[in-house]
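Here the structure comes first, spelled out in structure tokens, and everything after it is commentary.
Quick note: numbers below take in every heavy atom, side chains included, and nothing from hydrogens, waters or symmetry partners. Numbers for residues simply follow the sequence, beginning at 1.
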Amino acid sequence: MRVIGWQVLVAAIGLAVVGALLFAQSSGLEVSYSPASGGEYVEAVVGQPTFVNPLLRSLAPADRDLAALTQAGLMRLDASGLPVPNLAASWAVTADGLSYTFVLREGLRWSDGFPLTLDDVLFTLRLLQAPDFPGAPDLVAMWGKVIVAKLNATTLKLTLPEAYAPFLEQMVFYVQPAHVFAPAVASELGRHPANARLVGAGPFMLKELVSNSDGTLQEAVLTPNANHFGVAPMLESVRLRFMPQAESAEAALRGGAAMGWGGAAPAAVAALLSDSQLQVYSAPVPKFGVIYLNQRNAAVDFFAEKKVRQALLLAFNRQGFVDAALQGQGIVARGPVAEGTWAQKSDLVSVAYDPKRATELLATANWQLPVDALAGTEGYAREKQGKRLAFTLAAPDDAMGRILGQLVADSWKKLGVQATVQLMPPAELYENMLPGRQFEAVLAMLNLETSADPDPYLFWHQTEIETGLNYSGYENRAISELLERARVSTSIAERARLYDSFQARFADETPALILYQPVYSYAVSRQVRGVQLGTLLEPSDRFQSVSDWYMVTRRTIRRIAKVP
């Protein structure tokens with residue numbers, strides 16, 4: 001009876017509210033609702049933070065989430081991946097692309113109230129330029145060549161030895177407070193005791209860390225940074241609750257202990273989509289499932305034939321794979337530039353599944369089936385000049401590698417192409433097989449998360465064939481020239497035009513088989529509104545619009561002016 005009584009009371013209140021609104025409207029009043037401050041958002045995060053300094057870009061998702069909420073750089077990335085001013089009020093680059101000037105905003109302060117000045121930026125740059133900086137070697141090498149000059153109290157000039165258009169995206173590094181870390185040297189930065197304070201200039205600041213009785217960190221409580229230079233967050237607090245595994249995070253979300261969870265596997269997303277209390281947002285991540293065809297291996301010299309490469313792509317039902325194996329949580333790749341970025345060719349058409357066309361291409365290239373070939377047998381392999389169209393397809397020995405590798409091989413067998421799947425430990429495949437070019441064909445995940453700029457030079461330029469990341473060994477001078485010009489141009493419009501031409505040529509030449517792009521799924525309670533996902537360089541970019549999120553609305557009633 002008590003439950004029924006509460007239901008009656010709730011229903012009565014609802015009817016009273018509706019009645020009041022109807023009365024207001026009939027009385028010449030207008031009722032509107034707008035976002036207001038308040039509410040605590042709780043998110044389940046898999047893994048523990050290690051409190052590596054934000055400048056080092058920790059591999060722990062929890063560290064990156066905390067940094068995204070509390071830190072800021074001179075520049076940030078907008079929804080399309082373009083660098084825009086953040087702590088900097090403005091920036092400029094010389095026509096030759098060698099010198100960049102940044103003007104710092106005035107009146108900036110750290111979350112602890114201390115002034116944020118250009119000296120903090122210079123302190124951070126000195127850390128990045130130190131020979132013992134414990135970051136990526138290529139990053140250390142790049143910063144070591146940059147000449148840093150303080151022009152005045154708010155103006156910074158950086159001079160490069162040669163033009164490099166992707167340099168601007170490097171300016172998203174998180175500026176660190178000199179008053180907190182100085183006189184620390186770069187080698188001490190990784191485990192500096194002040195890292196856990198997370199003093200920053202982002203929209204939120206760390207209020208407290210809550211641990212379990214055994215000392216395990218349970219959650220981090222963040223509150224709006226009153227000294228933040230940008231739009232003040234509307235959420236009263238954000239609580240990141242650390243979970244040991246994905247299953248725990250999902251249980252917390254479904255059970256009401258959390259209001260958000262990101263990174264669910266495709267199998268879990270289907271269940272989340274059916275939950276009426278949740279809104280599932282999704283965005284492609286900068287990764288590609290790709291098959292490299294070794295065009296430098298004499299044993300498989302047929303990969304140098306464009307029609308063979310085109311036929312192999314046409315013969316695999318990529319959309320079917322995305323729908324079935326990924327349960328829709330992926331995108332059929334249109335080309336080698338990630339979806340949603342400013343550099344992607346907007347009118348590029350995806351290559352559709354067309355086994356008939358694939359057969360025609362191989363036939364016109366004189367790859368013929370033996371007269372007595374029987375479909376489904378090992379002898380069902382096309383031949384030309386005594387050479388069989390057969391090779392080994394290496395794939396990582398993980399859940400997706402096993403499924404995708406076999407699906408691809410089975411599709412090609414119907415075409416008369418014999419591919420034997422060779423499963424490899426992922427570490428062996430990525431650390432030895434790929435760099436050593438010791439493969440015929442290999443299925444791998446091409447990860448573009450290491451750079452915010454969509455520059456594909458490292459993967460497809462001819463100078464990267466021997467020791468770089470051009471694993472297919474594809475050499476095309478026209479494509480290389482396009483990538484060279486795009487790398488030094490200071491005009492985004494010009495770079496976009498050059499990348500359009502590159503993608504059109506890539507689609508025709510098919511240097512490698514770009515299969516699909518994974519999707520990041522983010523489930524959030526419908527109580528939280530204003531959530532938007534732009535281009536994600538990494539999962540923590542889901543917080544790009546966190547200042548616009550809200551849980552509370554304000555009701556405003558005003559009288560409608562009568563028309564005489």
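- The line from CG of Leu98 to CG of Leu158 is 12.5 Å long, rounded to the nearest 0.5 Å.
- Between Tyr292 and Tyr471, the ring-plane angle classifies as perpendicular under the 30° and 60° cut-offs.
- The aromatic rings of Trp143 and Phe173 sit perpendicular to each other, their planes meeting at more than 60°, with 30° as the lower class boundary.
- For the pair Glu360 and Lys307, the salt-bridge criterion is not met [side-chain N within less than 4.0 Å of a carboxylate O].
- One side chain, Gln344 or Glu339, offers a donor N or O that lies under 3.5 Å from an acceptor on the other.
- Taking CG from Leu168 and CZ from Phe102, the interatomic distance works out to 5.5 Å, rounded to the nearest 0.5 Å.
- Applying the side-chain hydrogen bond (donor to acceptor under 3.5 Å, both in side chains) criterion to Asp455, with sequence neighbours excluded, gives Arg487, Tyr499.
- Lys287 NZ to Glu449 CD: the interatomic distance, rounded to the nearest 0.5 Å, is 4.5 Å.
- Remark: Glu475 pairs with Arg296 by the salt bridge (Lys or Arg N to Asp or Glu O under 4.0 Å) rule, at least two apart or across chains.
- A distance of 11.5 Å separates CG of Asn86 from CD of Gln71, quoted to the nearest 0.5 Å.
- Using modelled atom types, one finds a donor on one side chain and an acceptor on the other under 3.5 Å when comparing Ser480 with Gln462.
- At a threshold of 4.0 Å, the pair Arg437-Glu466 does not count as salt-bridged, since none of the basic side-chain nitrogens sits closer than that to a carboxylate oxygen.
- Ring pair Tyr100/Trp91 is parallel by interplanar angle, where below 30° counts as parallel and above 60° as perpendicular.
- Under the 30°/60° scheme for interplanar angles, the aromatic rings of Trp549 and Phe543 are found to be tilted.
- Under the ring pair (Phe, Tyr, Trp, His ring centres under 6.0 Å) criterion, Phe321 pairs with Tyr516, sequence neighbours left out.
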